[in-house]
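I have placed the structure first, in the form of structure tokens, so that the comments after it can refer back to it.
Every value quoted in this text rests on a predicted model; they were computed, and no experiment measured them.
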Amino acid sequence: NTLYHTRAYATNSYGTAYGADVEFTTTALPGGIAPGLYGRQWVWVDWNDDGSFAGAYDDITADVLEIPLVSYGVSRELEEAVSASLQLTVLNSGHKYSPPNTSSVLNTGGNTLRAGHRIMAGMSFPFDDFVGSDGVAIADHTVPYDSSFAWTLVSGTFVIASSAIKKTGGAGGIAVIDFGESDAHVQVKFTKGAHDDCILIIRYADASNYIYLQSTSTQLQLRKKVAGVDSLIQGVSHTWAVAATKTVKVVLHGDYLWVIVDLVQVIPNPATGIPLADNAGETNTKHGIGGPSIHADARYDDFGGVYSLFYGTIDKITPTPSKERQTAQIEASDDMKILAQTKLFRRAYAYTGYPGGMKAFIEEIIKNIPSISQLGELLDLGQSVNTSPYKSWWDISALDVCRNVEREENGLFYQDQDGLWRFEARGHRAATPHDASKCTFYAVYTTNNLGIADLKWISGEDDVKNI
């Protein structure tokens, strides 16, 4: 968005002649989009280590020039999950990313510009930040990422208010977008009002059939309507103050559902470790905001299909200056690497009531390593592990212990791109919906901005994400 003046000139033995002055203005980058990136990608770093990615400088998307590497997946030869890696090239103007630059805005605590911070990268499609004129109805608002998607107002009235959406009129309302995917990661930034408000609509078929997430004064409740009958799927205790804003994601995978609030899994209840399955509307592809109860003091923002591509820890920040521009390289890896670097010196004895299975062993390991992510888990109970007379974990890496139990139970253990620990049957990806072979990147949207709809396994290939 800069005005430039230019003119041609020619020089010979008689002197120099100049052409006419020509001016032009460069096109501004779309707000919030990194130079060199297109679509709604994002990269966050938790510089103050509070776990929220909500700090003033935690969103570094605008500095990202390139993401040359995101690797994760399963080794075909060993049939084991490999540690995920991320590499970024960032603009380093003013030596913003040059440790230990104490004048950098990232050095808020005296020594925060360093490795060791949590980092998360992802992309969103469709995505709506509700930037527009106040009072515009949601059905008249164009989805910015991208306009091939459109809002459908089912009931009630929703309008833009200060780059967010609010409900006007009565106490209920629903607006949805057809994602084209039933297995989606549906996220919204929600500011709670003074009432029991509904947050997200999931797998909407019609006014009598859909799933919705609701916040009460003491709980988060995942509920459903089937043929008009409202019932509870699961509720968990959850404190949410009036006017507080939280990022809420509902992850849909076949008939399995889970809810993540501010990067922490809350449904299914982590205390039970029991996966939550419900096949209501399993093939429906419309998702949105609202529900039977929503009031004017609640706000919705940054809604869409939000897919994490990587969650882990920064290993290295390296300035890479050149004559053309100042840049820096950021390298990161997930917690599988921490497991591989952590030596165990202990024994697990069998005793009455010991909970057998991979779940018990993984919890015993990962929840006692302070630097390991504690976001949550989706661990099948697996088969009973033989603990008699004991299993020796002596001078062995935590990852090797997990591998041993993994092989004993014929399963697959890994950390996903949301930071959740997972354990599943080894043949899980050969079943629906993974049995349909698709290219790694598919459903490219180019109406306004380049984006990709998902990442899928390709049969027989290595290092491809499994949703």
About how many Å separate OG1 of T102 and CG of L113, when rounded to the nearest 0.5 Å?
9.5 Å
Salt bridge between R114 and D49, side-chain N to carboxylate O under 4.0 Å?
yes
The reported gap from CD in E282 to CG in D255 (rounded to nearest 0.5 angstrom) is 5.0 Å
Interatomic distance, CD1@I119 vs CD1@I314, rounded to 0.5 Å, equals 4.5 Å
Within the 6.0 Å centroid threshold, strictly below: Y307 and W42
no
So, D128 side chain and F303 main chain: donor-acceptor pair closer than 3.5 Å or not?
no
Verdict with supporting geometry, Y97 and T318, side-chain contact (heavy atoms from CB on, under 4.5 Å):
CA-CA 8 Å; Y97 295 90; T318 308; over 6 Å; no
Check the angle between the aromatic planes of F127 and Y145 and answer parallel, tilted or perpendicular using the 30° and 60° thresholds.
tilted
Report the distance from atom NZ of K166 to atom OG of S162, rounding to the nearest 0.5 Å.
8.0 Å
Should V143 and I177 be marked as a side-chain contact (heavy atoms from CB on, under 4.5 Å) after you check the CA-CA gap, both sets of side-chain angles, and the distance that decides it?
CA-CA 9 Å; V143 178; I177 294 176; 4.0 Å; yes
So, for W240 and S215, which heavy atoms are closest and what is the spacing to 0.1 Å?
CE3-OG, 3.8 Å
State, with a plain yes or no, whether a side-chain heavy atom of L86 is found less than 4.5 Å away from one of S333.
no
Is a side-chain N or O of T313 found less than 3.5 angstrom from the main chain of G116, in a donor-acceptor match?
no
Does a side chain donor of either T327 or T89 reach within less than 3.5 Å of an acceptor in the other side chain?
no
Mind listing the closest non-hydrogen atom pair of Y311 and G419 along with its distance?
CD2-CA, 3.5 Å
Strictly below 4.0 Å, N to O, side chains only: are E80 and R403 in salt-bridge contact?
yes
Should the pair D63-K96 be classified as a salt bridge under the 4.0 Å nitrogen-to-oxygen rule?
yes
Between D335 and R118, does any side-chain N to carboxylate O distance fall below 4.0 Å?
yes
Give, for atom CD1 of I199 and atom NZ of K192, the distance between the pair rounded to the nearest 0.5 Å.
8.0 Å
For L106, does its backbone N or O pair with a side-chain atom of S104 as donor and acceptor, under 3.5 Å?
yes
Using 30° and 60° as the class limits, which term best fits the ring planes of Y300 and F158: parallel, tilted or perpendicular?
perpendicular
Would you tell me whether N92 and S98 have side-chain atoms, one donor and one acceptor, within less than 3.5 Å of each other?
yes
Using a strict 4.0 Å threshold on nitrogen-to-oxygen distance, state whether K189 and D302 make a salt bridge.
yes
For the residue pair F130 and H141, does the interplanar ring angle fall in the parallel (under 30°), tilted (30 to 60°) or perpendicular (over 60°) class?
tilted
Taking side chain as C-beta onward, heavy atoms only, is I260 less than 4.5 Å from V248?
no
What residues form a salt bridge (charged side-chain N to carboxylate O under 4.0 Å, His left out) with D400, not counting sequence neighbours?
none
Fit a plane to each ring of W47 and H117, take the angle between them on a 0 to 90° scale, and name the class: parallel (under 30°), tilted (30 to 60°) or perpendicular (over 60°).
perpendicular
Can you tell me how far the OG atom of S308 sits from the NE2 atom of H185, to the nearest 0.5 Å?
9.0 Å
Applying the side-chain contact (heavy atoms from CB on, under 4.5 Å) criterion to H238, which one of Q219, Q221, K246 satisfies it?
K246
Check against side-chain contact (heavy atoms from CB on, under 4.5 Å), Q234 and D278
CA-CA 10 Å; Q234 187 174 105; D278 195 292; over 6 Å; no
Please report the C-alpha distance between I289 and F190 in whole Å, then the side-chain angles of each, then the deciding distance to 0.1 Å, and finally whether the side-chain contact (heavy atoms from CB on, under 4.5 Å) criterion is met.
CA-CA 10 Å; I289 59 175; F190 184 74; over 6 Å; no
R203 (side chain) donor-acceptor with S182 (main chain) under 3.5 angstrom
yes
Minimum heavy-atom separation for A81 and Y414, please, with both atom names.
CB-CB, 3.4 Å
Between the side chain of N107 and the main-chain N/O of N101, is any donor-acceptor distance below 3.5 Å?
yes
Matching residue for H287 among L200, V188, I201, I202 - test: side-chain contact (heavy atoms from CB on, under 4.5 Å):
I202
